[in-house]
Amino acid sequence: MQTTFKFVLGASAIVAAFGASAQTFPAAGKTITIVVPFTAGGPTDRVARDLAEALRKPLGGATIVVDNTAGAGSSIGAAKVARAAPDGYTLLLNHIGMATIPSLYRKLPFNVENDFEYLGIINDVPMTLIGKPSLPASNYKELTTWINANKGNINLANAGLGSASHLCGLMFQSAIKTEMTAVPYKGAAPAIADLMGNQVDLLCDQTTNTTGQIEAKKVKAFAVTTPKRLSTPALKNLPTLQELGLANFQVTIWHGLYAPKGTPEAVVKTLNDALKVALKDPDFIKREEALGAVIASDKRVEPAEHKKFVQAEIAKWGAVIKAAGTYAD
Ligand code: ASP
């Protein structure tokens with residue numbers, strides 16, 4: 001009898017504890033960490049830091065920090081979150097890499113589709129083709145002349161195998177039928193720093209990283225990767241690669257938020273609700289739009305839509321990557 005009583009008490013205590021942790025998420029004094037799988041100061045980091053600020057209020061004033069766990073085209077940071085405690089306090093903010101790494105890495109230590117809770121798409125960010133300041137070319141036509149004169153001797157920086165810049169670089173080389181030497185970094189911040197220092201020749205990167213440098217004339221800008229020209233003041237005069245003759249050239253980088261698989265449903269809902277509020281924050285919208293980013297529509301912030309979208313992207317980019325024949329072990 002006593003044992004039964006104890007058991008009943010124990011069971012209700014467990015239920016209460018689980019219920020409380022979901023209801024009180026985030027608990028007072030607990031820090032939420034957003035893992036960014038690239039270096040600090042780059043475009044993914046920029047989105048994460050803006051978002052962390054916008055998420056604070058809807059998450060009851062919680063402290064939200066960004067942890068840059070960079071390397072291997074985002075797979076090291078993503079693996080860290082896949083293995084983290086599924087309690088909502090460790091999140092991943094990743095970009096299109098979530099859809100390219102399953103095809104690029106033969107041995108990925110996690111499964112993109114099965115090891116995460118999907119919390120919603122955040123935004124879409126166009127890319128720009130930029131060059132080092134000493135490049136003797138000021139427009140795309142002059143760039144192609146320079147490329148043709150320097151074949152076999154051109155360095156194209158990227159943020160690692162599976163990164164957005166890697167993908168854009170692959171597409172560009174295939175579109176102009178010219179191979180370049182890939183120079184991988186752990187993020188676009190060191191890549192653009194070396195570009196500005198004339199250590200590498202070219203980089204294709206998100207406008208969230210390149211807009212300020214283009215405006216300050218610290219890099220040469222040649223084109224955007226969207227089908228239409230952008231309206232962002234600093235970028236609106238840049239032609240699209242399509243209008244420059246690269247038929248169907250189109251790549252836009254989306255970002256999404258993830259939690260480890262097994263995070264309680266109520267915590268996932270709290271995080272998803274907070275994300276929806278954050279994406280309507282006027283300061284967040286203003287900061288992102290000034291850098292050419294487009295905030296995701298309400299529908300795409302739904303976890304099921306997010307997952308469906310990533311699955312479609314895995315199939316889409318898997319075909320491109322297979323055709324390019326690029327792999328890492
Ligand atoms: N934009 C980079 C890329 O090429 C990554 C970063 O955010 O640093 O994927």
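Values in this document were obtained by computation on a predicted structure and should not be read as measured data. FYI, the numbering just counts along the sequence from 1. Every number for a ligand or one of its atoms is a count from 1 in the order of the listing.
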Looking at every heavy atom in both Ala278 and Leu55, which two are closest together, and how far apart are they?
CB-CD2, 3.8 Å
Would you say Lys218 has more than 12 foreign heavy atoms packed within less than 6.0 Å of its NZ?
no
Could you please provide the protein residues found below 4.0 Å of ligand 1 on a heavy-atom basis, arranged by chain and number?
Phe38, Pro43, Thr44, His95, Ala159, Ser163, Ala164, Ser165, Gly187, Ala188, Asp205, Gln206
Should the pair Arg300 and Phe309 be classed as cation-pi, given the thresholds of under 6.0 Å to the six-membered ring centre and 45° from the axis?
yes
Identify the heavy atoms of Lys220 and Ser138 that sit nearest to each other, and give their distance.
NZ-OG, 3.8 Å
Between Asn209 and Asp205, is any side-chain donor less than 3.5 angstrom from a side-chain acceptor?
yes
So is Lys261 actually on top of Phe116's ring, under 6.0 Å and inside 45° of the axis?
no
